[in-house]
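Below you'll find the structure, written out as structure tokens, and then a few comments.
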There are 2 protein chains.
Amino acid sequence: MSLSRRAVLSQLLLGAPLGGALLASRAYTQAPTRTSWLNPYRDATSRLIHASTKDDFAWRRLAELTDTFGHRLSGSENLERAIGWAAETMKRDGLENVRTEPVMVPRWVRGRESAEIVSPPRHPVAILGLGGSIATPPEGIEADILVVNGFDELRERAAEVKGRIVLFNAPFTTYGDTVNYRTGGPRSASQLGAVAALVRSVGPTGLRTPHTGSLQYGPSAPPIPAASVSAEDADRIARLVARGITVRVRLKMEAHAEADAPSANVVGEIRGRLRPQEIVLLGGHLDSWDVGTGASDDGVGCIATWEAARLIMSLGLRPRRTIRVVLWVNEENGLRGANAYAEKHAAQAADHVFALESDSGVFEPASLGFTGSSGARTVMRDIASLLSPLGMAEMVGGGGGADIGPISQAGNTPMAAYLGNPARYFAIHHTDADTVERIAPAEVAKAAAAIAVVAYVVAEMPDQLPR
Amino acid sequence: MSLSRRAVLSQLLLGAPLGGALLASRAYTQAPTRTSWLNPYRDATSRLIHASTKDDFAWRRLAELTDTFGHRLSGSENLERAIGWAAETMKRDGLENVRTEPVMVPRWVRGRESAEIVSPPRHPVAILGLGGSIATPPEGIEADILVVNGFDELRERAAEVKGRIVLFNAPFTTYGDTVNYRTGGPRSASQLGAVAALVRSVGPTGLRTPHTGSLQYGPSAPPIPAASVSAEDADRIARLVARGITVRVRLKMEAHAEADAPSANVVGEIRGRLRPQEIVLLGGHLDSWDVGTGASDDGVGCIATWEAARLIMSLGLRPRRTIRVVLWVNEENGLRGANAYAEKHAAQAADHVFALESDSGVFEPASLGFTGSSGARTVMRDIASLLSPLGMAEMVGGGGGADIGPISQAGNTPMAAYLGNPARYFAIHHTDADTVERIAPAEVAKAAAAIAVVAYVVAEMPDQLPR
């Protein structure tokens, strides 16, 4: 999940009828037997849940993906190999119209990087350069640190910024709040003359664990090198400075952008039995940051949505409408895959009757989020009641995602999200610790089962989900 | 805490009357008023506990040590600077006979190091070279991996070892059990012709966190480069191999030993009021591995024992016997400080009436361990009852430590240990995450208070603790 996802989400949420939840809730209470319309789908629901949760197939596939290809930054050989494997394996699964839809993606290369406190005596600082950052000169940038706890303090101490490395040391509250220092901190520091920026990692204190992620330079200030630092290193520097010690840091980064590289979204389908032109869209993104193995962000979103389709297919359920799985590329640093899809399929945007994204992990307790009209929400709440064997009958507000955003905006398409527990997700988000070991097989199986049930019913029910 | 500590402990425990605990327990039950002999010390106990727990002085001193000097491997400038600071600060505290007792220490230098899977395509492996390891050639060692889950499997697969890098992938159970792969694995692999060894980190799965520590080469096989790998990387390699994939790794290490370097134990005292030649010995070790900032291993042991003496002194309590604090050097990779002390003070060994080491962290729930005769244990159990305001009235079996071992063996000295919660301790042991952030101020204060009370009573009571 990247910042751009949040921006898209906010935009969509603001435009959505937020009273829908209440209305739907009331309707549901007034008519306890209204879900009898779901009776034709109860047998398929049971079979899908059983088929998904009976073994660890999906987890093993996730392990195969992340073990074999590792992290998968846009433009990397790892990603291209993973794309080839995914398309081939989808075909072997029996999905239909399996194809790759080409798109050029940015290629940012981290290179070597290091930071150390050089005064008082040398100590390494645990960093990860921020995605999109420029390099330092080869000999590095050495400067005194100015520690600020946020944008307000930066403004108050504007006169001290010039020539220094600014350390944004804002404690982690929520991702949505704290990520602003990662994306906007370097730009704000540069505007005041800073030579580089360090940002306390956007996540809880780990085990000296820096969290990378994208930054956004602006037109009004020159780009400066920027890196995240572990919470412990940020705290240590802040304590030294609070004792009146001048902390001098040398930052070395080779980060740079190279020419755009060819890549592709991976697409596979179950063609609809009666209305194949109507599309239920599912997916996660196959690219990841260049740390860890991109298991929770977002290998598991790819595997869970793909597995949902595979389960439906394997049980011989061919719904009325087409179910389409897209494994997106470049969610993390460009959203080129999502935008290319929206452009390529613009004429069919309105035929996208429902879109679901899984890009928040699958950690328990997970929930299903939804964004749509109050009419759509009422129907979705009914459908969610089928997930009670999975403990997921309660839907939450706010579904969607960065990758399904562009096509859904164009199509006014109701959107859902599979939402893992954010505390566990953000503990490893964009770190070297985002690996398959953290995810339980039952968590992947449950996600695949829930997505399969929702997708199947939305694709099979006689009427489209209301707009 | 190093392996050598465990070896010393085992040796001492085997020689100790282990029935002491039972006998003492019975005696205590039969005579519930026997602790009235402690009445003269109750006021001092209350004052010491209050003085220690009223603020975060000890934690702030620990933060000053670890923030300012960072990690402190034997032979490093960081350690020598920390030694100078400790001696000066002890003098400012008003401790007496503050001095450094010189000792030459080994100097092992990690240098740069890396490992990567080169087939299937390149993926970094999170490693930390093992202390004492030799280097690889500059271009590294590239070989196929043989994964074994322990020494038995290594023997069974002896014919496959030659020319390969052996990965010992034994899951972490307890430190005492699992550390054998770190210390002895490289030697065993070399005997069978391995070109290098990787060892799954001795600790629970962290956040892609390797744990360093010492290895022991043997005379019967050539030394080979050896490194710890994170649990996640070990699992990943093992899964790839289990799928029938040949995993090829390139290991590069610059590790090497340099000439021994001058260093010193730091010693400070409260001279005894009546029997100054009798010594109550307290201490932790000031050296650490060259990762993290050596906060729990063992900055906090130094600070807690030193703080115990400072508290006694600051309250104007001058006990009958001398309380001596020693901040040892080279516990981690040589025990030169402990051996030099035992040699220098050999003639006074029998005057060491009690020795306490803090080298297991201070994480809650902590306990007090003791090793001594049943008579000594009975007295110590009484004394421990004074710690009930700290929730530490229950003593456990097994006290001692690597640094107090040599002098205590020579003097037949009863030994105690302040023992932090091992689960929290080994989660960060010998890792980059051993920093002061993990330790709560109340945990350090409690350790200092408990050690101060025990040291004061043992130093003040009319008779020596029985041998």
Side-chain angles (χ1 to χ4, degrees), chain A residues 60 63-64 66-72 76-82 85 110 112 114 116-117 120-126 203-211 230-243 245 247 290-293 295 427-428 431-438, chain B residues 60 63-64 66-72 76-82 85 110 112 114 116-117 120-126 203-211 230-243 245 247 290-293 295 427-428 431-438:
Chain A
R60 282 186 287 111
E64 185 183 352
T66 58
D67 290 344
T68 311
F69 306 107
H71 51 64
R72 304 171 301 280
S76 68
E77 187 195 342
N78 285 4
L79 176 58
E80 293 315 298
R81 288 171 51 97
W85 168 85
R110 177 178 302 280
R112 286 170 300 184
S114 66
E116 61 174 352
I117 299 175
R122 311 179 94 75
H123 301 292
V125 176
T205 300
L207 290 168
R208 199 98 178 270
T209 307
H211 296 235
S230 77
E232 293 92 333
D233 287 276
D235 284 338
R236 180 183 184 190
I237 292 169
R239 282 191 305 267
L240 286 166
V241 168
R243 287 183 205 124
I245 294 167
V247 176
D290 57 339
V291 292
T293 58
I428 54 155
T431 75
D432 257 332
D434 182 359
T435 69
V436 73
E437 283 76 19
R438 315 213 94 73
Chain B
R60 282 186 288 112
E64 185 182 353
T66 57
D67 289 344
T68 310
F69 306 107
H71 51 64
R72 303 171 302 279
S76 69
E77 187 195 343
N78 285 5
L79 176 59
E80 294 314 298
R81 289 171 50 98
W85 168 85
R110 177 178 303 279
R112 286 170 300 184
S114 66
E116 60 174 353
I117 300 175
R122 312 181 95 75
H123 300 292
V125 176
T205 299
L207 290 168
R208 198 96 178 271
T209 308
H211 295 235
S230 77
E232 291 93 333
D233 287 277
D235 284 337
R236 180 183 182 188
I237 292 169
R239 282 192 304 266
L240 286 165
V241 168
R243 288 184 205 123
I245 294 169
V247 176
D290 57 339
V291 292
T293 59
I428 55 153
T431 76
D432 257 332
D434 182 0
T435 69
V436 74
E437 282 76 20
R438 315 211 95 71

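Throughout, a chain's letter reflects where its sequence line sits, starting with A, and its residues are numbered from 1. Every value quoted in this text rests on a predicted model; they were computed, and no experiment measured them.
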Q.
Could you tell me if the side chain of B/R236 sits less than 4.5 Å from the side chain of A/T435, heavy atoms only?
A. no

Q | Chi angles and distances behind the side chain to side chain contact (heavy atoms under 4.5 Å, CB included) call for B/T293, A/E232 | A | CA-CA 10 Å; B/T293 59; A/E232 293 92 333; over 6 Å; no

Q: Would you name the heavy atoms of A/R239 and B/A63 that are closest together and state the gap between them?
A: NE-CB, 4.1 Å

**Q.** A/V436 portion near chain B, given a 4.5 angstrom heavy-atom threshold
**A.** side chain

Q) Rounded to the nearest 0.5 Å, what separation is found between the CZ atom of B/R60 and the CZ atom of A/R243? A) 9.5 Å

Q) Atom OG of A/S114 and atom CZ of B/R112: how far apart are they, to the nearest 0.5 Å? A) 11.0 Å

Q) So which of B/I245, B/D235, B/I237, B/T209 has the biggest tally of heavy-atom pairs under 4.5 Å with chain A? A) B/D235

Q. Under 4.0 Å between a Lys/Arg side-chain N and an Asp/Glu carboxylate O for B/R122 and A/E77?
A. no

**Q.** chain A contact via B/N78 - side chain, backbone, both or neither, heavy atoms under 4.5 Å
**A.** side chain

Q. What are the two closest non-hydrogen atoms of B/G206 and A/L207, and how far apart are they?
A. CA-CD1, 3.7 Å

**Q.** B/T68 versus A/H123, closest heavy-atom pair with distance
**A.** O-NE2, 3.4 Å

Q) Under a 4.5 Å heavy-atom cutoff, which of A/I117, A/T205, A/L240 has the most pairs with chain B? A) A/L240

Q. Rounded to the nearest 0.5 Å, how far apart are CZ of A/R208 and OG1 of B/T431?
A. 9.0 Å

